[in-house]
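My questions will all concern the structure given below.
Below, read A as the first sequence line, B as the second, and so on, with proteins coming before strands; counting in each chain starts at 1. Treat the numbers as computed from the prediction; the structure is a model and nothing was measured.
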Amino acid sequence: MTRYALTRCAVAAFATLAFVPLTLAQTKPPAAKPAAPATAPDPTAAEFDKFREVLEEDNPAELFEAKGKELWFAKRGPNSASLEKCDLGLGPGVVKGAYVRLPRYFADVGKVMDVERRILHCMVTLQGFKMEDLAKQPFSNPNRTPDPVSLVTYVAGQSRGMKIATPMSRPEERETFEIGREIFNYRAGPYDFSCATCHGEDGKRIRTQPLPNLTKPAEAIRAYQGWPGYRMTGGVMHTLQWRMNDCFRQQRFPAPDYASDTITALLAYLAVNANGQVYKGPGIKR
Amino acid sequence: MDRSRRVVLKGAGAGGALAAALAAGLLKPGSALAAWNKGAFEAKNTADAMKALGVTNAAESKDIQIRAPEIAENGAVVPIDITSTIPGTTSISVFIDKNPFPYTGTFDVSQGALPFVHLRVKIGESSPVRVVVAAGGKYFTTAKEVKVTIGGCGG
Amino acid sequence: MGIRTASILGAAAAALAAAFSATAGDPSTAAQEMIKRDFKPRGIATIDRVNQDGVQTLCNRTHDKPPKDIAERLEKDQLAGIQWPADGKLLGDWKAGERVAQSGRGFTWSDKPGVTGGSCYNCHQIGPNENSFGTVGPSLYQFGKTRGFGADMQKYVYGKIYNAKAYNLCSLMPRFGHVGALTEKEIRDLVALLMDPGSPVNK
Amino acid sequence: MADPMKIRATLQGDVADVRVLMAHPMETGQRKDASGNVVPLHFIQTITAQLNGKTVFGADVSQAVSRNPVFAFKVKGAKAGDKVSITWTDNKGEKRTDETAIGAG
């Protein structure tokens with residue numbers, strides 16, 4: 001391995017270590033033959049998997065769940081109101097099981113919303129926050145975790161152990177799913193990348209990071225339950241809004257608007273593909 | 001708060017430990033409170049850190065188990081389990097040789113805890129994780145190599 | 001979509017809802033309209049990047065299975081656009097090539113203009129000393145040794161890195177020369193990494 | 001003020017398995033923020049754990065402990081309902097104590 005040329009992701013990872021950001025480890029050379037076919041067991045992935053369980057057992061995401069719970073019940077915003085009357089789709093105030101039934105169609109706004117968008121809607125309508133303010137710096141960094149991130153983590157945690165059951169009964173929900181599938185496969189930009197470029201096949205990885213095939217339930221759930229996720233790189237909590245945004249960055253696209261229809265459609269596609277699988281998140285990610 | 005339980009490497013019997021601690025500057029005469037060992041924590045290599053802690057003649061031991069990944073998924077969070085089966089274990093100390101400040105901490109298990117600890121650490125580059133156990137007036141040690149790699153782009 | 005919103009919300013939410021319901025026709029058209037509406041330029045990532053070129057359009061429309069005759073025509077067209085080195089030399093310095101292969105920088109909205117690597121290890125196994133490699137593309141370890149060191153193979157490798165779509169229209173690999181991500185020198189150095197008998201790839 | 005810890009204590013026989021999550025940045029003093037300024041050293045230095053008021057476990061640690069630290073230890077002679085309290089102190093003198101009752105295993 002070289003000292004001088006890291007991927008951007010690696011630079012980010014090591015910056016958080018902050019010890020010797022540009023010194024990398026010596027790694028063992030592979031056996032003197034071409035790489036094993038992708039179907040063969042991957043020793044690096046196997047070693048990661050062994051310690052996944054350990055990491056998941058005590059996941060700092062729980063700290064953000066606790067914070068989100070506190071925020072949910074606190075009287076906040078210009079209206080000094082809590083979110084206890086927020087309707088996440090199962091009726092005002094019902095949080096248990098709401099996450100695994102999102103995104104869904106909401107008659108009060110006449111559109112399909114994902115969890116973060118719905119929480120933002122409640123913060124605006126019930127608490128009196130301004131959407132412009134909430135959208136200003138929507139993503140976590142080591143110094144700041146936006147409130148919606150903690151709230152999403154709390155709401156997601158209240159569906160832990162439940163089966164994903166993203167509704168598809170309304171035409172609006174089916175159309176959103178179909179548009180999401182189109183966006184997933186939409187190849188553009190200088191590198192000709194779509195989501196499917198990396199997430200359309202089984203058993204692939206980028207560097208050492210496994211790339212789940214998001215078109216299949218068993219693999220889609222691996223991605224879906226990772227989020228909201230505590231990211232070890234930087235030690236920050238992120239939601240799927242961030243994940244989609246950063247995927248588009250790596251796709252070399254321009255920036256998608258936060259809480260936009262595009263992201264909702266992609267999340268609907270992802271969630272429906274994970275239907276029937278048990279949600280075990282919030283997760284912990286590299 | 002009870003600070004009289006200070007974490008020191010309780011290697012020797014009461015008198016010996018005190019003498020060793022005094023010699024190593026762990027305890028200031030006239031004070032019941034030992035400070036967080038700045039000298040050891042700021043040492044730039046494991047040998048100097050051990051010297052500052054008063055660790056001498058640590059014998060290699062198979063009775064210390066370190067469970068840590070051979071290849072860490074992320075060097076920012078490397079989970080480590082340490083278990084000592086050496087009778088009379090009083091403390092467990094951790095050193096990450098290649099980190100800029102190798103001495104990572106000491107865990108005092110002399111007051112009712114079992115000789116076990118789980119912690120998560122930052123490892124800047126592939127490095128041995130060295131553990132020193134104090135038991136019955138002696139020091140014991142073992143190490144395990146942890147590799148750190150470049151990952152993907154965010155999982 | 002045909003949903004009429006009895007909007008009770010602020011202007012922003014109402015506008016979003018209206019935009020969502022305004023889309024008509026097939027999901028593909030709806031998706032493109034949505035993308036054009038929701039993406040904004042940022043850093044070096046200009047808004048025109050969401051538009052598809054001919055190759056992208058064909059591959060998107062046919063789910064990467066274009067009709068053979070059209071694919072061949074477009075491949076020929078892509079091949080004709082490859083700029084070969086004027087001096088005919090295709091083999092550069094494999095050590096410099098390893099650096100290009102390692103770097104995943106370039107073209108994202110957080111990158112600076114002009115700082116671009118090949119991102120090769122993101123998808124391929126290449127050198128024997130890099131364990132952290134992706135598997136989206138085939139292993140290139142021992143490439144020259146197994147595929148031959150001849151002039152034709154050198155030319156193929158140069159062309160493939162310059163424009164992978166000239167050889168397989170809906171390949172997942174970017175067109176590094178075509179879009180100006182890699183310079184002639186950088187591509188030559190990568191060719192050397194794979195094709196120089198002295199490169200660790202071929203040891 | 002620092003956010004609360006998350007402590008879980010479960011019983012196996014007479015041994016309490018104690019696991020704790022702490023909310024702390026554990027800054028190494030070498031990270032730079034978005035505007036390029038070095039973020040100062042800020043990390044937990046000492047941890048003590050008490051069982052019904054008696055100290056049973058302690059640690060001195062460095063900034064090499066991961067952000068939002070996780071620790072686990074085991075305490076002999078515990079029973080369901082016993083109080084486990086944990087205190088950390090950082091290099092800025094900030095301090096936080098949280099408590100939980102041991103649940104049945």
Full working for salt bridge (Lys or Arg N to Asp or Glu O under 4.0 Å) between C:D53 and C:R175: CA-CA 13 Å; C:D53 76 350; C:R175 295 171 278 182; 3.0 Å; yes
A:E47 vs A:K50, salt bridge (Lys or Arg N to Asp or Glu O under 4.0 Å): CA-CA, chis, key distance, verdict: CA-CA 5 Å; A:E47 183 70 7; A:K50 260 196 341 210; 3.3 Å; yes
Top contributor to chain A contacts, counting heavy-atom pairs under 4.5 Å, from C:S171, C:C170, C:G180: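 Sorted descending by pairs with chain A, the first entry is C:C170.
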Top contributor to chain A interface from C:P138, C:G106, C:G137 [non-hydrogen pairs under 4.5 Å]: C:G106
Proximal component of A:L211, with respect to chain C [non-hydrogen, under 4.5 Å]: side chain
Contact origin within C:K203 toward chain A - heavy atom pairs under 4.5 Å: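 Neither part.
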A:K204 side, atom NZ; A:H199 side, atom NE2 - distance, nearest 0.5 Å: 13.5 Å
Test item: C:Y156 side-chain N/O and C:Y167 main-chain N/O as donor-acceptor pair under 3.5 Å: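 No, because the side chain of C:Y156 does not come within donor-acceptor range (under 3.5 Å) of the backbone of C:Y167.
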A:T233 side-chain N/O to A:R286 backbone N/O, donor-acceptor pair under 3.5 Å: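 Answer holds: yes.
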Region of C:F176 that comes under 4.5 Å of a non-hydrogen atom in chain A: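 It is the side chain, since no backbone atom gets that close.
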Contact winner vs chain A - C:K165, C:H63, C:R42, heavy-atom pairs under 4.5 Å: C:K165
Contact leader toward chain A among C:R49, C:H178, C:M173, where contacts are heavy-atom pairs under 4.5 Å: C:R49
NZ (A:K130) with more than 12 external heavy atoms under 6.0 Å: no
Pair A:F248 and C:F39, ring centroids less than 6.0 Å apart: yes
Interchain contact, C:T57 with chain A, by part (heavy-atom threshold 4.5 Å):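 When you check distances to chain A, no heavy atom of C:T57 falls under 4.5 Å.
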Heavy-atom contact with chain A under 4.5 Å, split by part of C:N51: backbone
Interface moiety of A:E201 toward chain C, non-hydrogen atoms closer than 4.5 Å: side chain
